[in-house]
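Structure, as structure tokens:
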Amino acid sequence: MNLRPFFFEFIKLAVLVFGCVALGLFVHLSFTSGLIAVVVALLVYILMIGFKLYRTIQWLEKDVSDAPMSIGSGVTDQLINLIYLHKKNLEKSYLQQKIITQQVNDIIAAIPSGTVILNENHEIEWANYPALLLLGIDNQKDIGVKIETLIRQADFCEQLTKINSKGFEVSSPVDERITLSIQVAEYARHKKILFAHNISPHIDVQRSRKMFIANASHELRTPLTVISGYLEFIQGDESLPDSLKMPVDKAVEQAGNMQTLIRDLLLLSALENKSLKAENLTHIQVSKHLKRIMQTLHTGAKAKEDYEWVIDVDKDLFIYAVEEELNSVCYNLIHNAMKYSEKASVITVSWSITDKQKAVFSVADQGMGISPEHIKHLGERFYRIDSGRSRRVGGTGLGLSIVKHIVERHHGKMEIHSRLGEGSTFSVTLPLNPLKDNQHIG
Ligand code: ADP
């Protein structure tokens with residue numbers, strides 16, 4: 001601590017007292033006049049300090065950016081100096097904070113997606129202009145209003161309580177033709193920031209792509225049926241020269257592959273365009289259902305003799321499902337096990353029930369297996385590991401995509417375990433009734 005101001009203050013007081021005493025004694029040489037002089041000196045000193053404090057208060061009440069007070073060397077001057085420096089620092093950090101807050105506000109306001117800041121009770125604290133356009137939230141009027149009272153869609157209110165990194169889709173409360181993808185992130189202890197993106201253009205592109213595929217497949221089906229019919233007719237003609245037999249056989253095979261491809265494309269677009277309805281569900285005994293599938297497979301190819309089958313089915317297991325779609329799931333998975341395994345290998349097919357009352361259909365083979373980097377892509381349209389082999393065995397690259405779609409429509413999930421060179425197990429887990437127990441299987 002600097003003691004110099006105290007020293008100066010002491011000198012100042014001493015000079016004042018001695019000055020007054022000397023004056024007092026000069027006027028009247030007595031003890032009383034000396035005492036009066038001391039009292040006067042002290043009063044003058046107190047008045048000086050009072051005046052300085054008065055000026056200090058006046059100065060503090062003004063903006064600190066004004067010139068600092070003239071600084072002396074006493075204690076009060078030092079005190080004023082310290083207050084001045086402190087106030088200046090405060091002012092500086094306040095200004096910096098103001099600039100940062102303004103910058104953050106400008107950045108959030110410039111985000112092209114609707115952005116809303118909510119407190120822990122879901123009351124609106126702030127919203128940008130796109131939030132007004134997409135969600136109808138007004139940054140002037142709606143501050144402090146609970147967001148659920150403005151956006152009353154049940155799905156929105158339910159999803160808001162879950163923090164889901166993938167986000168969810170809702171139609172805009174401003175214009176229901178606009179589809180919004182909503183993402184919510186939590187920050188600073190239960191506060192939330194909500195982003196709304198307009199994904200209608202993306203959905204429109206997807207819709208026209210799906211319509212194009214559906215229409216093109218539909219238009220191709222009839223001429224292809226005619227071409228196949230003629231080719232089969234030519235193939236059966238005994239007078240066909242030997243030189244043409246091989247090309248005609250190849251043409252029949254390729255036309256068959258194209259028909260399967262078109263059938264799968266039409267099935268996929270049908271799955272995408274209709275939702276699962278209670279009236280389409282049937283109560284299916286899986287053991288009987290599997291028997292029918294196996295018969296179809298065995299008549300189609302020389303499957304029965306070519307593989308060693310292990311069938312393990314819970315006879316009491318019944319599930320609600322769309323029967324045609326369940327046919328597709330079972331047929332595709334068993335057919336794949338046959339396509340991608342060597343003759344005489346074991347294929348195990350099972351239906352069982354889990355502790356959580358979910359049905360599990362599983363097909364395990366001892367085939368070529370799949371390396372890990374491919375597994376996450378299986379289920380994407382036309383994703384094949386070896387497209388040459390897939391085509392040779394009559395594959396379209398759409399089978400697993402169809403399976404995945406159907407399983408997800410039934411609120412189930414598909415799992416794949418595989419080791420290269422050792423074989424694969426494809427399992428689907430389904431709820432016993434997808435519309436009653438419509439919790440997604442996580
Ligand atoms: P594809 O009609 O080509 O069989 P899928 O969608 O059914 O189309 O399967 C996609 C790809 O997954 C296949 O091309 C194949 O490479 C791989 N695959 C599917 N099932 C198996 C299996 N059981 N064993 C090894 N690979 C498989």
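Values below: all heavy atoms of this structure, side chains included; hydrogens, waters and symmetry mates excluded.
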Which residues pass the salt bridge (Lys or Arg N to Asp or Glu O under 4.0 Å) test with [X], not counting sequence neighbours?
X    : answer
D242 : K245
R189 : none
D204 : R207
R263 : none

Please enumerate all residues that pass ring-ring contact (aromatic ring centres under 6.0 Å, His included) together with [X], with sequence neighbours excluded.
X    : result
F426 : none
Y320 : H283
H377 : Y383
Y340 : none

Other residues, nucleotides, ligands: >12 heavy atoms within 6.0 Å of [X] [atom1]:
X    : atom1 : result
R209 : CZ    : yes
Y187 : OH    : yes
Q97  : CD    : no
E342 : CD    : no
E238 : CD    : no

request  = Of all the heavy-atom pairs spanning T179 and I203, show the shortest one and how long it is.
outcome  =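 Of all heavy-atom pairs spanning T179 and I203, the closest is CG2-CD1, 3.5 Å.
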task = Look only at the side chain of K146 and the backbone of N121, and say whether a donor-acceptor pair between them is shorter than 3.5 Å.
result =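 Checked: pair present.
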ask   = For S328, what residues pass the side chain to side chain contact (heavy atoms under 4.5 Å, CB included) criterion, not counting sequence neighbours?
value =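 Once residues adjacent in sequence are excluded, the partners of S328 under the side chain to side chain contact (heavy atoms under 4.5 Å, CB included) criterion are L267, N332, I402, I406.
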ask   = side chain to side chain contact (heavy atoms under 4.5 Å, CB included) with Y230: which residues, sequence neighbours excluded?
value =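 In terms of side chain to side chain contact (heavy atoms under 4.5 Å, CB included), with neighbours along the sequence ignored, Y230 is linked to V226.
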Sequence-distant partners of H289, side chain to side chain donor-acceptor pair (under 3.5 Å), two or more places apart =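 Checked H289 against side chain to side chain donor-acceptor pair (under 3.5 Å); matches are N327.
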request  = Determine which pairs satisfy side-chain hydrogen bond (donor to acceptor under 3.5 Å, both in side chains) with at least one residue from residues 124-138, sequence neighbours left out, and list them in order.
outcome  =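 Pairs touching residues 124-138 that pass the test: T115-N128, E125-K191.
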key: Residues H197 and S113: side-chain donor-acceptor under 3.5 angstrom   =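 Judged by distance alone, the side chains do pair up.
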